[in-house]
4 protein chains.
Amino acid sequence: MTTPTPLKNPAHAPCAAALVMIDFISEWRVADRAALLRQVERAVPHAVRLLLGARRAGVPVIYANDNFGQWRSDFSAVWSAAVAAGEAPARIAAAVAPEESDYRVLKPKHSAFFGTPLDLLLEHLGASTLVLCGVAGNQCVTATAIDAHMRDYTAVVVHDASASRTASLHRHAMEQLKDLGLGVVAAGSVRWTTLLKT
Amino acid sequence: MTTPTPLKNPAHAPCAAALVMIDFISEWRVADRAALLRQVERAVPHAVRLLLGARRAGVPVIYANDNFGQWRSDFSAVWSAAVAAGEAPARIAAAVAPEESDYRVLKPKHSAFFGTPLDLLLEHLGASTLVLCGVAGNQCVTATAIDAHMRDYTAVVVHDASASRTASLHRHAMEQLKDLGLGVVAAGSVRWTTLLKT
Amino acid sequence: MTTPTPLKNPAHAPCAAALVMIDFISEWRVADRAALLRQVERAVPHAVRLLLGARRAGVPVIYANDNFGQWRSDFSAVWSAAVAAGEAPARIAAAVAPEESDYRVLKPKHSAFFGTPLDLLLEHLGASTLVLCGVAGNQCVTATAIDAHMRDYTAVVVHDASASRTASLHRHAMEQLKDLGLGVVAAGSVRWTTLLKT
Amino acid sequence: MTTPTPLKNPAHAPCAAALVMIDFISEWRVADRAALLRQVERAVPHAVRLLLGARRAGVPVIYANDNFGQWRSDFSAVWSAAVAAGEAPARIAAAVAPEESDYRVLKPKHSAFFGTPLDLLLEHLGASTLVLCGVAGNQCVTATAIDAHMRDYTAVVVHDASASRTASLHRHAMEQLKDLGLGVVAAGSVRWTTLLKT
């Protein structure tokens with residue numbers, strides 16, 4: 001192209017915080033599927049609470065989701081596959097469904113920063129605080145949280161809106177993030193209006 | 001997610017080369033629109049020749065295209081906008097239209113490597129030689145070609161399948177790439193079978 | 001410069017593996033200094049064993065070390081400060097001292113891949129397997145190991161040649177890496193000649 | 001390490017601009033050495049003028065320099081080799097010599113952003129405007145300037161403090177950067193106090 005891309009998206013005024021929803025949209029073709037889905041379904045109501053709070057406060061919501069080995073830049077295909085899978089995958093997808101104005105980032109690997117425009121999107125949104133939740137807490141959420149921390153974002157991981165394969169893997173992952181200096185909180189204690197003032 | 005993503009896409013066997021089509025899909029809302037579109041329409045038949053040759057030889061084709069300030073991971077919206085614009089934008093899009101099995105990478109800025117999974121996709125395809133064409137030759141094609149060269153890909157830019165706002169800006173950009181050590185060739189001299197042997 | 005940099009370093013023939021020593025060279029101005037140093041001094045003999053084995057097998061050794069907020073590209077200043085600190089810092093540095101032909105990478109943050117040429121150096125060495133050890137196991141070693149895994153390296157973390165502030169943080173970090181699909185082994189079970197055949 | 005690195009360097013208060021000196025320190029073992037050195041020696045007085053102005057205004061100076069295929073994080077070795085080469089290399093190095101408080105970034109490839117901590121260093125300095133000069137104008141300076149532009153820095157290239165192998169390659173490179181939307185100015189027209197107000 002011959003002119004600079006208009007990078008600021010008009011859907012949002014600059015906002016000091018953003019909510020990042022990691023890998024909720026999936027057919028869940030994974031090892032230990034039943035165990036993981038049980039944990040995820042427990043986390044979903046807390047994730048929904050975060051979503052509602054963020055939308056009410058005008059905080060941008062970003063869905064960072066696996067591209068599942070496809071390289072077609074087609075988020076809606078990922079969405080349709082989850083819905084078509086029915087049962088738990090469809091229930092989870094429906095509960096945390098993106099709205100038209102939400103942002104979508106397809107990621108090829110664990111961290112939502114790796115091989116994606118997430119860092120640039122956050123810069124354009126003006127977001128310096130990231131509230132993160134998703135699956136798996138000890139894998140993609142951890143990898144994304146560490147990457148956010150290294151890039152000098154204030155990263156807050158919401159433990160009860162995230163899920164890992166076992167409760168103990170999840171708890172140890174949250175302890176590790178705390179030891180690294182990140183915030184680890186419950187969904188009920190996220191105060192969006194306070195975050196927006198920082 | 002809890003299992004490593006299956007990153008190799010089964011659509012292609014490993015292939016030593018890939019064709020990258022840069023920013024052909026557009027409404028062309030740019031400065032000097034008429035002048036640029038005249039140059040682009042001259043380049044399109046050469047780009048089509050490359051496309052046909054790559055497909056015949058089984059070389060993967062990657063469409064790297066501006067996301068136009070949207071962050072929705074939705075290549076088909078970009079495609080639809082170009083088609084809906086009619087006339088030159090629709091003609092160009094139709095001529096170089098992606099097939100189902102082609103790869104798509106939405107890029108937020110000039111280089112197709114910046115804020116995208118292109119590097120990882122190429123690694124998974126096994127491609128070490130990149131044949132590049134597109135618009136603008138002195139901007140996004142140049143930025144992508146320099147990035148490919150820095151990452152140790154063998155980068156070949158096809159000058160007559162690319163276009164810049166003026167013929168002289170285009171010629172100078174191609175000279176600069178040659179001076180940097182990249183290949184600059186005409187579409188008619190790309191020998192896919194030879195590239196695949198390197 | 002006007003010619004491509006000669007990037008392959010002649011000090012090593014291509015080698016399928018590399019040993020990465022993370023943050024051993026330090027004045028250890030950290031919280032819980034005494035507790036951490038106790039763990040580090042326990043790990044050092046295992047790290048030395050790795051070093052000797054790697055050198056005997058002709059495997060390149062890379063020292064990835066914090067730049068401690070300085071941006072002077074001066075590894076020897078970091079080294080001198082550790083030695084000048086005396087006692088444990090000097091003992092540790094001396095035990096794992098780099099040789100002239102070893103590689104050095106100063107890192108500004110936790111992961112040795114972030115803001116450094118490590119990925120490019122490994123590509124030039126031809127290394128696809130990384131053996132990692134260092135401090136802290138639950139922080140910089142974990143961040144580096146996850147980054148290596150995302151970049152499709154085969155990453156093996158040597159648990160007894162690494163140290164974290166507490167034994168339990170260390171154990172949980174190792175479990176997390178295993179759950180992610182990485183190798184976690186003892187120094188005594190690293191078989192360099194086998195790694196070089198893969 | 002177990003505590004976050006203290007990343008802000010106390011040598012500078014936050015500053016809206018930075019001067020980046022690209023590849024002046026070299027033995028100049030390049031093709032067309034004599035032709036290039038003639039152009040470089042013409043550029044040096046303008047680079048010195050920039051250096052003096054930046055230092056007077058309290059603007060941080062960053063030396064971004066090729067690592068020449070060595071991976072030892074040792075800027076002083078690069079410096080010593082240039083001085084030891086005598087004649088033009090030593091004259092050039094002496095004229096633009098770094099001071100103790102200047103920053104140094106060793107780069108493995110053309111762009112000073114690729115495989116280096118430059119982006120992070122600039123963030124920590126608070127710099128949003130980059131004034132760039134160096135060698136070769138149509139190669140490393142161009143690659144660095146495009147990368148700065150893609151990362152939303154205001155990038156200003158100083159044409160007479162930069163040099164390429166031929167005057168025409170240099171002029172075309174500067175035209176290309178202008179066409180991309182970057183500033184291209186003479187050393188005499190850089191107003192540091194104005195830059196610091198933006």
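Proteins get letters first, then strands, A, B, ... in listed order; numbering begins at 1 in each.
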Practice task
Report yes if the side chains of C:Asp152 and A:Lys109 come closer than 4.5 Å at any heavy-atom pair, otherwise no.
Solution key: yes
Handout entry: Over all atoms of both residues, closest heavy-atom pair of C:Met150 and A:His110
Key = CG-ND1, 3.5 Å
Fill in the blank from the handout: Between the CG atom in A:Asp147 and the CD1 atom in C:Ile146, the distance rounded to the nearest 0.5 Å is 8.5 Å
Practice task
Taking the side chain as every heavy atom from C-beta outward, state whether A:Leu180 and C:Asn138 have any pair of such atoms under 4.5 Å apart.
Solution key: no
Exercise for the section: Would you please go through residues 168-176 of chain C and name the residues with a non-hydrogen atom below 4.5 Å from one of chain A, in numerical order? Expected result: C:Leu169, C:His172, C:Ala173, C:Glu175, C:Gln176
